[in-house]
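Below, chains carry the letters A, B, ... as their sequence lines are ordered, and counting in each starts from 1. The figures here come from the full heavy-atom set of this structure, side chains too, leaving out hydrogens, waters and symmetry mates. What you are looking at is a predicted structure, and each value in this text was computed from that prediction instead of being measured.
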2 protein chains.
Amino acid sequence: MQVVAFDRSRNAAQQAHALLREWILTGKLRPGEGISEPSMATMLGISRTPVREVFKRLEAEGLVEIYPQIGTIIAPIDPNKVRDAQFVRETLEVRTIGLAALLGSSDQHRALKDILVRQKALVKARDVHGFMDADDALHEQLSVMAGHSFSWQVIAAAKAQLDRVRHLSLSDPSWLAMIYDEHCTIAEAVIARNEKRARAAMEVHQRSIFSAVERLTQQDPLLVKAVEQAGVPSLLFPAAKETKRGKRS
Amino acid sequence: MQVVAFDRSRNAAQQAHALLREWILTGKLRPGEGISEPSMATMLGISRTPVREVFKRLEAEGLVEIYPQIGTIIAPIDPNKVRDAQFVRETLEVRTIGLAALLGSSDQHRALKDILVRQKALVKARDVHGFMDADDALHEQLSVMAGHSFSWQVIAAAKAQLDRVRHLSLSDPSWLAMIYDEHCTIAEAVIARNEKRARAAMEVHQRSIFSAVERLTQQDPLLVKAVEQAGVPSLLFPAAKETKRGKRS
DNA sequence: AAGCGACAACTTGCATACAAGTATGCAATC
DNA sequence: GATTGCATACTTGTATGCAAGTTGTCGCTT
């Protein structure tokens with residue numbers, strides 16, 4: 001029960017959301033693990049209200065599942081949900097990259113290159129966290145270039161599901177280099193204003209996730225929601241810590 | 001300050017969310033109008049906590065804007081946001097309809113026809129609310145047929161933005177018949193398993209929104225967020241009701 | 001020993017009180 | 001008359017207490 005220090009002068013709920021989201025995406029909180037509002041509140045050094053707000057938001061993002069009067073768990077990997085997230089992201093980003101290739105200005109091309117330079121350094125430093133931030137920045141920049149900056153929010157929500165699977169499936173950060181290479185290919189095509197090649201490169205980039213779910217299903221089946229099993233939450237609390245259930249006073 | 005009766009045995013926040021969302025989409029709560037957690041709580045006969053939860057959720061859906069320590073307003077129509085919602089919805093639904101045409105089973109074809117029969121009656125009855133529900137049901141069914149049922153949630157969020165503009169722009173429900181006709185064309189193509197025709201019909205269906213924003217901009221400019229104006233919330237409270245600001249006791 | 005009932009501890013949902021910040025109207029002043 | 005300072009009532013953010021429901025364990029009964 002480690003207490004995390006927060007900046008009291010800034011919004012507690014936002015900070016807590018960013019933190020928990022990162023913990024879930026990076027696997028520090030594992031699928032199926034039980035969490036609760038009071039325990040998380042004391043852990044973060046805040047009250048239940050902002051924690052509750054964060055839980056609701058994470059539920060909307062598909063990262064936790066709340067069972068009223070029972071408990072809350074980190075959402076297990078649902079292959080169907082991942083498939084659909086992949087569908088949403090690929091569909092939007094492939095069309096986005098086409099527009100970005102057609103509409104991007106040379107200023108925006110420079111911004112793209114800057115991000116890639118930053119990413120190159122982060123790959124070398126094995127900084128997974130920083131790389132994922134830069135990854136988001138790059139894809140957001142592409143949405144801006146396509147003239148649909150708001151659609152990035154939709155893409156980001158879908159991307160979170162996929163990033164989580166990738167992180168759980170591949171603990172070794174060797175995939176950073178591969179993604180960086182794909183980014184370079186995409187950026188080249190965009191800067192060359194070659195719509196067709198950009199779309200093809202983006203498709204390759206997107207499809208590289210496919211195998212991760214299967215790998216995860218094999219190496220750690222407990223994290224994956226069985227297709228027929230509707231949901232038996234009580235069976236998914238293996239990480240119940242110092243519980244005091246049943247102990248008479 | 002009318003008090004709304006809630007079913008106390010069911011989730012208060014969910015009911016309140018459905019209600020407010022409908023009020024916003026149908027224009028009962030107009031863009032720019034100020035709302036507050038306490039006043040809405042007393043109006044709905046519940047406490048601030050579930051109301052606050054609803055406000056946060058509506059903010060995530062882009063239907064309200066929360067300014068801390070200042071107030072909350074029904075989100076003005078942001079042309080850029082509408083454009084991007086249109087982009088997201090069109091991109092996803094056109095690809096979805098193609099898959100639905102290829103993959104739909106005859107059982108699902110029957111379900112599609114059933115929805116259309118229901119819609120026909122609702123058009124005749126001028127039941128806008130019921131029609132919009134059936135509209136959602138139809139588009140959700142298409143997502144299911146395409147094998148991506150989860151993506152409906154994304155489409156629905158974008159669709160809300162567009163439905164709101166349509167409702168504000170066209171108070172006369174004559175557009176129901178037009179939409180119904182477009183639905184019939186789409187369904188025909190899907191049942192005929194004609195992917196290309198289905199996609200074309202869906203594109204037509206989607207593009208019919210475009211003119212609505214411009215019409216709204218002309219007929220009621222106050223509802224539309226000016227492009228250069230970053231956001232002056234205090235100026236957007238023309239509907240401040242029986243305020244007691246400044247009255248000494 | 002096996003089955004069953006009661007209870008304790010936990011969960012989230014809701015209500016309410018307090019805290020911090022902001023805008024508005026009034027009043028005093030220049 | 002215009003401006004500045006201040007009091008007041010509003011806003012959302014946070015903390016906490018209570019209520020309703022579920023689960024698992026203990027202990028009694030059979």
Classify the ring geometry of A:F87 against B:H148: parallel below 30°, tilted from 30° to 60°, perpendicular beyond 60°. parallel
Using whole Å, report how far [atom1] of [X] lies from [atom2] of [N].
{"X": "B:R48", "N": "C:dC14", "atom1": "CZ", "atom2": "P", "result": "15 Å"}
{"X": "A:E37", "N": "C:dC10", "atom1": "CD", "atom2": "P", "result": "15 Å"}
{"X": "B:I46", "N": "D:dC18", "atom1": "CD1", "atom2": "C1'", "result": "18 Å"}
{"X": "A:Y67", "N": "D:dG21", "atom1": "OH", "atom2": "C1'", "result": "17 Å"}
{"X": "A:R57", "N": "C:dT12", "atom1": "CZ", "atom2": "C1'", "result": "20 Å"}
{"X": "A:R52", "N": "D:dG17", "atom1": "CZ", "atom2": "P", "result": "17 Å"}
{"X": "B:E53", "N": "D:dT12", "atom1": "CD", "atom2": "P", "result": "16 Å"}
{"X": "A:L44", "N": "D:dA15", "atom1": "CG", "atom2": "P", "result": "11 Å"}

Strictly below 4.0 Å: does A:S47 bring a side-chain N or O up to OP1 or OP2 of D:dA15?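 Yes, A:S47 has a side-chain N/O under 4.0 Å of OP1/OP2 on D:dA15.
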N or O in side chain of B:K56 less than 4.0 angstrom from D:dG13 OP1/OP2: yes
Look only at the side chain of B:E93 and the backbone of B:E90, and say whether a donor-acceptor pair between them is shorter than 3.5 Å. no
Using atom types as modelled and distance alone, determine if a side-chain donor or acceptor of B:D163 lies under 3.5 Å from a backbone N or O of B:L25. no
State whether the distance check finds a donor on one side and an acceptor on the other, under 3.5 Å, for side chain A:T72 versus base C:dT11.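 Looking at the base of C:dT11, it does not pair with any donor or acceptor on the side chain of A:T72 (distance under 3.5 Å).
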Confirm from the modelled atom types if A:R10 and D:dG13 form a donor-acceptor pair under 3.5 Å, side chain to base only. no
Assuming nearest nucleotide by heavy-atom distance, tell me which of B:S36 and B:T49 is located more 5' along DNA chain D.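 Nearest-nucleotide comparison on DNA chain D picks B:S36.
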By the 4.0 Å heavy-atom rule, please label A:A13 as base, sugar-phosphate, or nothing.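 The residue A:A13 makes sugar-phosphate contact but no base contact.
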Base, sugar-phosphate alone, or nothing: which one does A:A12 contact when heavy atoms must sit under 4.0 Å apart?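 Result for A:A12 = sugar-phosphate.
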Out of [options], which has the shortest distance to the side chain of [X]?
{"X": "A:Q69", "options": "D:dA15, C:dT11, D:dT12", "value": "C:dT11"}
{"X": "A:P68", "options": "C:dT22, C:dT12, D:dT12", "value": "C:dT12"}
{"X": "B:P38", "options": "D:dA15, D:dT11, C:dT12", "value": "D:dT11"}

Could you check whether any side-chain heavy atom of B:Q86 comes within less than 4.5 Å of a side-chain heavy atom of B:L162, counting everything from C-beta outward? yes
Is the closest side-chain heavy-atom distance between A:I74 and A:I35 below 4.5 Å?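 The answer is yes, as the side chains (C-beta and beyond) meet within the 4.5 Å cut-off.
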